[in-house]
Amino acid sequence: MARLADTAFGRILRDHAQAEGIDLHAAPRAAEQSTLAVVSLDAEARASYDFYLDGTADWQWTAEEARAPAGTAVLHFGSIASWTPPGDAPIGQLAARLRARGDVLVSYDPNVRPGLLADHRHGQRVVESAIGLAHLAKASTEDVAWLYPDRTPADVARHWLGLGATAVVITSSADGAEAFTAQGWSVRRPARHVRVADTVGAGDSFTAGLIGALIGRGRYTPAGLAQCRPDELAGALDDAILVASVNCERPGNDPPTAADVAAARDRLKPASGPR
């Protein structure tokens with residue numbers, strides 16, 4: 001689901017998605033212009049963004065548009081669209097309806113953009129409201145450090161579990177990722193050795209890999225996630241880290257296919273042993 005502008009940029013996005021085999025019947029053709037994000041890289045190939053988004057297509061969701069297709073099993077939402085009016089309200093209402101149904105896994109990633117949030121307290125309010133709608137929450141250490149400068153990632157994860165999440169995953173770039181669960185246990189997995197081209201799309205690739213890994217393990221329902229064993233969640237983290245690692249080897253946001261991931265599995269070794 002995406003509001004894609006019926007302009008040159010929007011058509012490029014739509015054509016690319018369709019070439020990847022993505023079903024876009026739930027993606028409205030928007031009258032507004034496309035949002036632009038200009039990417040800058042630092043000496044370590046980490047990305048920062050300048051956004052041009054006033055009145056653009058991504059934020060204009062209506063209640064009529066924000067309806068999940070029949071048969072939806074997983075809903076993922078987050079980042080700028082989840083806190084930018086007027087579309088944030090229909091998106092939140094959709095997540096709330098599916099969470100209340102009890103048979104759809106709701107996933108959320110705040111993907112914080114500090115320049116687009118008023119301040120830490122406002123950021124906490126909008127993020128915590130969304131966390132209360134999600135079973136699965138994923139964030140980076142950069143996200144939680146900006147939102148909660150005086151708390152550790154583990155403290156934040158436990159706080160979010162208290163707000164209603166079943167599992168919270170915190171990614172930490174070269175230090176891998178750690179998952180915390182409502183059952184009280186956690187698992188940490190190492191990063192992989194990779195030659196980084198840039199980090200554009202790494203977080204989204206990780207989330208896609210994580211959801212895909214849960215689907216592959218049959219743990220993509222609310223009940224299934226709650227019953228996930230430590231070894232299953234550790235394996236899902238490994239898969240997600242691998243997907244993000246392959247993306248980071250490529251310039252721009254170019255996440256791998258399942259075939260690409262299979263080919264990279266033996267090539268990209270863990271950066272350290274299991275912890």
Side-chain angles (χ1 to χ4, degrees), residues 41-47 74 76 105 107 109-111 136-145 152-158 160-161 165-220 224-225 227-275:
L41 302 178
D42 65 13
E44 296 180 4
R46 291 176 300 199
V74 179
H76 176 75
L105 184 74
S107 168
D109 178 0
N111 198 12
L136 175 64
K138 173 264 171 189
S140 68
T141 51
E142 291 86 356
D143 291 334
V144 298
T152 68
D155 287 340
V156 173
R158 286 188 283 267
W160 287 357
L161 291 169
T166 301
V168 174
V169 176
I170 306 293
T171 61
S172 187
S173 188
D175 291 328
E178 186 168 9
F180 302 81
T181 69
Q183 296 97 312
W185 50 264
S186 63
V187 292
R188 176 185 288 274
R189 300 302 295 164
R192 289 179 178 263
H193 286 294
V194 62
R195 186 181 296 276
V196 177
D198 64 49
T199 60
V200 178
D204 291 329
S205 295
F206 178 96
T207 301
L210 180 62
I211 293 172
L214 292 173
I215 291 172
R217 290 167 172 78
R219 296 299 193 185
Y220 61 94
L225 181 64
Q227 296 163 4
C228 202
R229 301 188 308 268
D231 63 304
E232 292 175 313
L233 194 50
L237 290 181
D238 284 339
D239 288 352
I241 289 168
L242 180 58
V243 171
S245 297
V246 176
N247 183 81
C248 287
E249 289 186 313
R250 303 170 172 183
N253 182 13
D254 186 12
T257 64
D260 294 335
V261 172
R265 194 171 298 280
D266 292 330
R267 178 174 59 82
L268 297 180
K269 301 300 183 182
S272 61
R275 290 184 287 169

With a 4.5 Å limit on heavy-atom distance, are the side chains of D155 and V144 in contact? no
Between D198 and G252, is there a donor-acceptor pair closer than 3.5 Å when you use the side chain of the first and the backbone of the second? yes
So, for K138 and T207, which heavy atoms are closest and what is the spacing to 0.1 Å? CD-OG1, 3.3 Å
A side-chain contact here means heavy atoms from C-beta on lying under 4.5 Å apart; do L136 and L214 qualify? yes
Nearest heavy-atom contact between N253 and G201 is OD1-CA, 3.6 Å
Under 3.5 Å, is there a donor-acceptor pair between the side chain of N247 and the main chain of V200? yes
With heavy-atom distances below 4.5 Å as the criterion, would you say the side chains of D204 and N111 are in contact? yes
Scan R265, R192, R189, R219 and name whichever one has a salt bridge (charged side-chain N to carboxylate O under 4.0 Å, His left out) with D239. R265
Rounded to the nearest 0.5 Å, what separates atom CD1 in I170 from atom CG in D175? 13.5 Å
Which atom names give the shortest non-hydrogen contact between R250 and A197, and what distance separates them? C-CB, 3.7 Å
Report the distance from atom CD of Q227 to atom CD of Q183, rounding to the nearest 0.5 Å. 9.0 Å
E142/R46 salt bridge by N-O under 4.0 Å criterion: no
Interatomic distance, CG@D260 vs CG@D254, rounded to 0.5 Å, equals 8.0 Å
Which heavy atom in S205 sits nearest to a heavy atom in V243, and how many Å separate them? O-CG1, 3.3 Å
Between C248 and T199, what is the shortest heavy-atom contact and its length? SG-CA, 4.2 Å
Between OG on residue S245 and CZ on residue R267, distance to nearest 0.5 Å: 9.5 Å
The reported gap from CG in L225 to CD in E232 (rounded to nearest 0.5 angstrom) is 10.5 Å
Taking every non-hydrogen atom, the tightest pair across A240 and F206: CB-O, 3.3 Å
Interatomic spacing from CD1 in I241 to CG in L210 - rounded to 0.5 Å: 9.5 Å
